[in-house]
There are 2 protein chains.
Amino acid sequence: MNPPNKDKLKIDFRIWIFNNGEKLFGKGRVELLEKINKSGSIANAAKEMNMSYRQAWQMVNEMNKRSNHPLVEKQLGGKNGGGAILTQAGKSAINKFNELEKRINAVIVEETKKLEL
Amino acid sequence: MNPPNKDKLKIDFRIWIFNNGEKLFGKGRVELLEKINKSGSIANAAKEMNMSYRQAWQMVNEMNKRSNHPLVEKQLGGKNGGGAILTQAGKSAINKFNELEKRINAVIVEETKKLEL
DNA sequence: TATCGTTATTCACAATAAAGCATATCGGAA
DNA sequence: TTCCGATATGCTTTATTGTGAATAACGATA
C-alpha cells in the first residue's frame, strides 16, 4: 500500500567558491552583489536582505580583498552621499555562480528521483 | 604572462538529505554513523570525532526519530554497560549517502575545470 | 561653504550555539 | 546483589556570532 518514500525525501545542497583557499562567495554573498547592483548602494542592499549594514559591508570588503579583481566599486561622498556599483568582474561573477548552481541543481534533481533510503 | 587563475579556484559543496522537511543527515552525521558502526558505541564514536557525547547522542536521537526506520539500535546496560549498533537501514543509508556525494563530486570536479572568473 | 546620505569603523551588548558537568538509569556478569 | 560502563537528560557555563548605536570621513551639488 505504502509506496517507497521517495516523495518525501529531498536533497539540498550548497556550493562555495574559494580563491587561494579563502572563501570568495556562496549563495548569500552573490545575492548581496545582485541587490547592490540593483539598488546602487550597500546600505540599500543590506536593508533589502534584512541584514545589518555592518555585516553587508564586511562581506563586500572581504570579497574585494579575496578576489583577484575587485567586484564592487565604492564611491564615497558625492551627490547622494555616495554609493556602490558592481565592476564588470562583479557582474560576471554573479552570472558564473548562478549558472554553476543551476547545473548542479539539475544533477541534484536527477539524483533525487533515484533516491530511496 | 599570468595564466587565468583557474588553478587557484576551487568549488566546495555540501549536501543534506531531508525527510518530510526535517534534516535527516549530512556529511557529519553520516561520519558519526560510520564511527558508531566501527566502534560499537556512541561514546567511542564521539571521542573519535572529537565531539561531546551529548552532541553525538542528540544527533543519533534526531536521526532515529526523523528517519522512517531507526538507523541505530541502542543497548542499555548489559555486559559492558551497553553500546550501539547500526541497523540494516543505518548501514544502507551510509552507502547511499556516500555514493550520492561521490556522484555530485564528479560533477563538481568537471565544473571546476571549466571555472574561470 | 553648508548640506546630505552614504561609506567606513569601533565598541559594547544581546542572542544563539556549543561545550562541560553532574547524575540518574539500565541490565548482564561476577 | 553488587559492579561496571554505556545510554539518557537536565542544568550551568563558556564561545561564538550577530546586532545596534555612535561617529568620522567624504565630496558633488546647490
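By convention in this document, chain letters (A, B, ...) are assigned in the order of the sequence lines, proteins followed by strands, and residues within each chain are numbered from 1. For clarity, every value in this text was computed on a predicted model and none was experimentally measured.
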Look for any protein N or O under 3.5 Å of an N or O in nucleotides 15-20 of chain D and output each such pair with its distance, or none.
{"residue": "D:dT19", "atom": "OP2", "partner": "A:Gln55", "partner atom": "OE1", "Å": "3.1"}

For this session: Kindly write out the residues that satisfy side chain to side chain donor-acceptor pair (under 3.5 Å) with A:Glu22, not counting sequence neighbours, or none if the list is empty.
Result: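 Partners of A:Glu22 under the side chain to side chain donor-acceptor pair (under 3.5 Å) test: none.
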
Rounded distance in Å - [atom1] ([X]) to [atom2] ([N]):
X: B:Met59; N: D:dT7; atom1: CE; atom2: C1'; answer: 17 Å
X: B:Ile42; N: D:dG5; atom1: CD1; atom2: P; answer: 18 Å
X: A:Ile85; N: C:dT6; atom1: CD1; atom2: P; answer: 16 Å
X: B:Trp57; N: C:dT23; atom1: CH2; atom2: P; answer: 19 Å
X: A:Gln75; N: C:dA8; atom1: CD; atom2: C1'; answer: 15 Å
X: B:Lys47; N: C:dG20; atom1: NZ; atom2: P; answer: 14 Å
X: A:Met63; N: C:dT7; atom1: CE; atom2: P; answer: 13 Å

Is the shortest side-chain N to carboxylate O distance from [X] to [Y] below 4.0 Å?
X: A:Glu110; Y: A:Lys114; answer: no
X: B:Glu31; Y: B:Lys27; answer: no
X: A:Lys38; Y: A:Glu48; answer: no

Please examine the side chains of [Y] and [X], heavy atoms only from C-beta on, and report whether any two atoms are closer than 4.5 Å.
X: B:Ile85; Y: B:Gln75; answer: no
X: A:Trp16; Y: A:Phe25; answer: no
X: B:Met59; Y: B:Met51; answer: yes
X: A:Ile11; Y: B:Phe18; answer: no

List the atom of [X], the atom of [Y], and the distance in Å for their closest heavy-atom pair.
X: B:Ala89; Y: B:His69; answer: CB-CB, 4.1 Å
X: A:Asn37; Y: A:Lys91; answer: OD1-CE, 3.8 Å
X: A:Ile42; Y: A:Ala84; answer: CG1-CB, 3.9 Å
X: B:Leu9; Y: A:Ile17; answer: CD2-CG2, 4.2 Å

Problem set entry | Degree of bending in the helix from C:dT1-D:dA30 to C:dA30-D:dT1 once both end axes are built from five pairs, to 10° |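 The two end axes of the helix from C:dT1-D:dA30 to C:dA30-D:dT1 meet at 10°.
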
Return the polar atom pairs (N/O with N/O) between nucleotides 24-27 of chain D and the protein under 3.5 Å, or none.
{"residue": "D:dC26", "atom": "O2", "partner": "A:Gly77", "partner atom": "N", "Å": "3.1"}
{"residue": "D:dG27", "atom": "N2", "partner": "A:Gly78", "partner atom": "O", "Å": "3.0"}
{"residue": "D:dG27", "atom": "N3", "partner": "A:Gly78", "partner atom": "N", "Å": "3.1"}

Exercise. Taking DNA chain D as the partner, which of residues 31-40 of chain A come within under 4.0 angstrom of it by heavy atom?
Worked result: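 The answer is none.
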
Exercise. Phosphate oxygens OP1/OP2 of D:dT7: is one of them under 4.0 Å from a side-chain N or O of B:Tyr53?
Worked result: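 So the side-chain polar atoms of B:Tyr53 do come within 4.0 Å of the phosphate oxygens OP1 or OP2 of D:dT7, strictly under.
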
For this session: Please list, chain by chain and in numerical order, all residues satisfying side chain to side chain contact (heavy atoms under 4.5 Å, CB included) with B:Asn61, sequence neighbours excluded.
Result: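 B:Asn61 satisfies side chain to side chain contact (heavy atoms under 4.5 Å, CB included) with B:Trp57, B:Lys65, B:Lys74 only.
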
